[in-house]
Every structure is written in structure tokens, then in C-alpha cells.
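Note sheet for the following structure.
Quick caveat, the model's predicted, so the values are computed rather than measured.
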Amino acid sequence: MRRSVLLVPVADGGLWSVRSGGVRWICGFTDETALSRFALHHAPGDQPMDYAALLGARIVDEIVPALGEPAGLAVDIATEDGSMFFPPVVGIVPDAVAVDAGEAGEVSGHGR
């Protein structure tokens, strides 16, 4: 995901996202076919959907932390059996914005 170029729809001057389960999910697509499936249901009328081509690493390392809320990356959400979700947890997003960063520290602090 980090080295992949993802197509992220742009709406109202920002990246298209959806909130679910207390997380803001930035929606990215692996190719124009996957983006087209999504656009069929979410593009206004017959209008083409504008998008930005971004590296997955840029999304999770730069954009997610700048949002100021728990956020992750949802990939190919309109593809049946092909969706992937990268939640705001340690190992996916920077530790400073990972929702489980404190828990990871607590677990490693316990003796074994």
C-alpha cells in the first residue's frame, strides 16, 4: 500500500472521505476501473469525478496526521471482495496519531 499510487476522489476542495465507527476514512482506488465503480454511485449526475493520484505512504504519513482526528485509509471500497482497510493504528499511521499507541506502550511495559 505504501508504494502504490492510489486515485483519491476530490470533492469540495478536499479529499473524499467518509466517517464510520469514529474514524474518518480517506477513500482511495487502485485504478480507474475501481474508481469508476465508486463514481457510479457517488459522482453528481453525469459529471466526471476529479481525483488526485497520491502514494499510499503520503496519505498515511502526511495527510492522515494533518486531519486532527482518528483517520485511516479505505482502498477499493466499491469492489466486491476486494476492499482493504488500513486503520489508524501503530504500524499503519505515525505513532503520534495512532489510536492504539498508548495501548502498545502499556502492553510492552508488562513483564513476561
What pair of heavy atoms forms the shortest contact from [X] to [Y], and how long is it?
X: Val90; Y: Asp95; answer: CG1-OD1, 3.5 Å
X: Ala34; Y: Ala78; answer: O-CB, 4.5 Å
X: Ala11; Y: Trp16; answer: CB-CD1, 3.7 Å

### Task
Return yes when atom CD of Glu69 has more than 12 non-hydrogen atoms of other residues, nucleotides or ligands closer than 6.0 Å, and no otherwise.
yes
### Task
Look up atom SG in Cys27 and atom CG in Leu35, then write down how far apart they are to the nearest 0.5 Å.
10.5 Å
### Message
Measuring from atom CG of Leu7 to atom CG of Asp50, what distance do you get when rounded to the nearest 0.5 angstrom?
### Response
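Going from CG on Leu7 over to CG on Asp50, the span is 12.5 Å.
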### Task
Indicate the ring-plane relationship of Phe38 and Phe29, choosing parallel, tilted or perpendicular according to the 30° and 60° boundaries.
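Judged by the thresholds at 30° and 60°, the geometry between Phe38 and Phe29 is tilted.
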Residue pair [X] / [Y], side-chain heavy-atom distance below 4.5 Å:
X: Thr30; Y: Leu6; answer: yes
X: Met1; Y: Ile59; answer: no
X: Phe85; Y: Ile77; answer: yes
X: Val97; Y: Pro88; answer: no

### Task
List the steps and the verdict of side-chain contact (heavy atoms from CB on, under 4.5 Å) for Val23 and Val99.
CA-CA 10 Å; Val23 175; Val99 295; 6.0 Å; no
If hydrophobic clusters are built by linking Ile, Leu, Val, Met, Phe, Trp and Tyr wherever their side-chain heavy atoms come under 4.5 Å apart, do [X] and [Y] end up in the same one?
X: Val75; Y: Leu55; value: no
X: Leu73; Y: Leu15; value: yes
X: Val89; Y: Ile26; value: yes
X: Leu67; Y: Val10; value: yes

### Task
Please confirm whether the backbone N or O of Met84 pairs with a side-chain atom of Asp76, one donor and one acceptor, at under 3.5 Å?
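No, because the side chain of Asp76 does not come within donor-acceptor range (under 3.5 Å) of the backbone of Met84.
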### Task
Determine, step by step, whether Ile63 and Val8 satisfy the side-chain contact (heavy atoms from CB on, under 4.5 Å) criterion, reporting the C-alpha distance in whole Å, the side-chain angles of both residues, the deciding distance to 0.1 Å, and the verdict.
CA-CA 12 Å; Ile63 296 170; Val8 182; over 6 Å; no
